[in-house]
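Taking it in order: structure first as structure tokens, then the write-up.
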Amino acid sequence: MSNGNIKVRFAPSPTGFMHIGNTRTALFNWLLAKKLGGKFMLRIDDTDTLRSKKEYEDAIREALVWLKLDWSEEARQSARKERYEEVAQKLMAKGRIYACYETPEELEFMRKRLLNKGLPPIYDRSGLKLTQAQKEEYERQGRRPHYRFKLEDGEIVWNDLVRGECRYSEKNLSDPVIIREDGSFLYHLPSVIDDVDFGITHIVRGEDHVTNTAAQIQMFEAIGGKVPSFAHLPLLTGKEGKLSKRLGSLGVRELRAEGVEAMAICSFLAKLGTSEAIEPYYSLEELAQSLDFSKIGRSQPKFDEAELKHFNTRLVHNLPYAEVKSRYEISENFWQAIKGNIKIADDIKLWKSICQDELSPKIEDSELTNKGAELLPQEPWNEETFGTWIKALKEASGKNGKELYHPVRLALTGMNDGPELKVLLPLIGRLKAEKRLKGQKA
RNA sequence: GGUCCCAUCGUCUAAUGGUUAGACAUCACCCUUUCACGGUGGUAAUAUGGGUUCGAGUCCCGUUGGGAUCACCA
């Protein structure tokens, strides 16, 4: 499939670090673009100037680069204010945007009053009924207006790629505030203007945006833009069931630091909550080809960090040598020898160091290990060497099983567990092995 | 409270109205003279009450539970 006109966007607001929820949205967009042969753009939604920070923006880029979710185009909302104002002027002239003079406190009070009466806290549109004289009176009092988008009567319907047909009545929606008292724009309208201007064809985002979608569809229509396709992903929940705060703070940066592979995060997130098995994918391309919105369930999957870590280990065990080679200087032999016994890719360094660098051995049973040193055969060594040697040591010492193996492993590697000793021994070599068995640094 | 969405093993899901299936985790066994890796097998679920039907996980209504939204956040 290929369609040059397909374009999706990832539109994070730089008000926090890249976390698992964010990443999932970015990933699904990227995957969709890849699968359809379209483009993926990055849009920095920094309309909330108070909370937006350069630091967060940098972190988002860093995470995207690490995940290999590359983008071909970029935009920044704070740089497009003139365009938003131009569109807002037109909508005002058409009566789709109207001024309101309530203070945030008054609105809050009204919401509480409605809620207490068991009514939905929907704005009563009193701004719409204001006369010119009343507005002037407010201005004299020093009040500045904020602006709302007027929703038209009727049902708003769209066919969601994940949720199927969605219907919302405007009666259950508040006219969204789109321009603040200080003249700055809120998210809703700029997002729609950008989607139209940049030719966005598909919007993939979290389920928390479904009611926004209803209002935004009217905005698309009001400015004469083509309404894109929507896909609303069920929100991830935490282990405890609630959308935990931990999830928000579970950063990509932290996961990376803990040794979680980018492809583990991507594979896991792409398949969690779908009818497909969560399996390691080793390329985003392959993952993209497997994308199928119809396989996404509608209930909220639980995200468990421990499961991700476990999955990561499974993925690491089968990392292709080419991938490993590009990151660590090791031979294919070495990789084959240790791959089944590492938890994270960085453990490669540990085992490489154990085999090649100097190490202070831990001696548990000096009588045994000293004898082992004496019995060590001459090189060349291969995978058979260990078998003959340990057999000789067993006979000489009378030790067996764990009593035999554990002290040997500890002396040779300084570790309680690890790859099979028969593959490790030739890698360590006679020189080091003999010294270590004797308790000497080597 | 209004609106919308959801409910099957511990977890993620499957099942034209017709024997509840698979994957991950877990457990056991096998392989390893060790820890692991790997292989084989087992345990384990339709939230609840009605209705429709010869027959309901599936359709309808109620209950309970969970989530989203109703911001001068995005």
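Only heavy atoms go into these numbers, but all of them, side chains included; no hydrogens, no water, no symmetry mates. In what follows, chains carry the letters A, B, and so on, assigned in the order in which the sequence lines appear, proteins first and then strands, with residues in each chain numbered from 1.
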For a quick check of understanding: with a heavy-atom distance under 4.0 Å over all strands, which category does [X] fall into, base, sugar-phosphate or nothing?
X: A:Arg51; value: base
X: A:Val177; value: sugar-phosphate
X: A:His146; value: base
X: A:Leu421; value: base
X: A:Gly297; value: nothing
X: A:Gly206; value: nothing
X: A:Ile179; value: nothing
X: A:Leu115; value: base
X: A:Asn212; value: base
X: A:Glu102; value: base
X: A:Asn341; value: base
X: A:Thr103; value: base

Whole-Å [atom1] distance, [N] and [M]:
N: B:U20; M: B:G39; atom1: C1'; value: 28 Å
N: B:G55; M: B:G62; atom1: C1'; value: 23 Å
N: B:A28; M: B:G66; atom1: P; value: 36 Å
N: B:G67; M: B:C61; atom1: P; value: 24 Å
N: B:U40; M: B:A45; atom1: C1'; value: 24 Å
N: B:C4; M: B:G49; atom1: P; value: 27 Å

Can you find a side chain N or O atom of [X] that sits less than 4.0 Å from OP1 or OP2 on [N]?
X: A:Arg298; N: B:C4; value: no
X: A:Ser169; N: B:U3; value: no
X: A:Arg111; N: B:C70; value: no
X: A:Thr211; N: B:A68; value: no
X: A:His317; N: B:C37; value: no
X: A:Arg43; N: B:A74; value: no

Nucleotide nearest [X] when distance is taken to its side chain, options [options]:
X: A:Lys394; options: B:A74, B:C35, B:U33; value: B:U33
X: A:Ser275; options: B:A25, B:A7, B:A14; value: B:A14
X: A:Pro120; options: B:C72, B:C35, B:G1; value: B:G1
X: A:Arg163; options: B:C4, B:C72, B:U13; value: B:C4
X: A:Glu181; options: B:A68, B:U34, B:C72; value: B:C72
X: A:Tyr168; options: B:C72, B:C4, B:U33; value: B:C4
X: A:Pro301; options: B:C72, B:C12, B:A36; value: B:C12
X: A:Ala277; options: B:A23, B:C72, B:G67; value: B:A23
X: A:Lys302; options: B:A74, B:A68, B:U11; value: B:U11
X: A:Ser299; options: B:C73, B:U13, B:U33; value: B:U13

Rounded to whole angstrom units, what separation is found between the [atom1] atom of [X] and the [atom2] atom of [N]?
X: A:Leu50; N: B:A74; atom1: CG; atom2: C1'; answer: 14 Å
X: A:Lys362; N: B:C35; atom1: NZ; atom2: P; answer: 18 Å
X: A:Gln300; N: B:U69; atom1: CD; atom2: P; answer: 10 Å
X: A:His188; N: B:U69; atom1: NE2; atom2: P; answer: 11 Å
X: A:Asn312; N: B:C24; atom1: CG; atom2: P; answer: 17 Å

What about A:Asp208, does its side chain sit under 3.5 Å from the base of B:A74 through a donor-acceptor pair?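 Absent.
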Sub-4.5 Å side-chain heavy-atom contact between [X] and [Y]:
X: A:Val157; Y: A:Tyr168; value: no
X: A:Lys150; Y: A:Arg125; value: yes
X: A:Arg167; Y: A:Ile156; value: no

If the glycosidic angle is within 90 degrees of 0 it's syn, otherwise anti, so just tell me which one B:C5 is.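 Here the answer is anti: the torsion falls beyond 90° from 0.
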Would you say whether A:His209 stacks on B:A74? The test is a distance between ring centres of less than 5.5 Å and an angle between planes of less than 30°.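 Ring-base stacking flag set for A:His209 and B:A74.
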Check A:Lys135, A:Gln134, A:Glu139 against A:Tyr101 for a side-chain hydrogen bond (donor to acceptor under 3.5 Å, both in side chains) and give me the one that passes.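 Output: one option passes, namely A:Glu139.
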Considering the options A:Val192, A:Leu91, A:Ile97, which one meets the side chain to side chain contact (heavy atoms under 4.5 Å, CB included) requirement together with A:Ile178?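 The option that passes is A:Ile97.
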Is the closest side-chain donor-acceptor distance between A:Asp160 and A:Trp158 under 3.5 Å?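 The answer is yes; a qualifying pair exists.
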Flag for A:Lys271-A:Ser290: side-chain donor and acceptor within less than 3.5 Å: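 Side-chain D/A pair, A:Ser290 to A:Lys271: present.
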Over-ring placement of A:Arg9 relative to A:Phe40, 6.0 Å and 45° cut-offs: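 The answer is no; the distance or angle limit is not met.
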So, the side chain of A:Asn370 versus the backbone of A:Ser366: is there a donor-acceptor pair under 3.5 Å, distance only?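 Yes.
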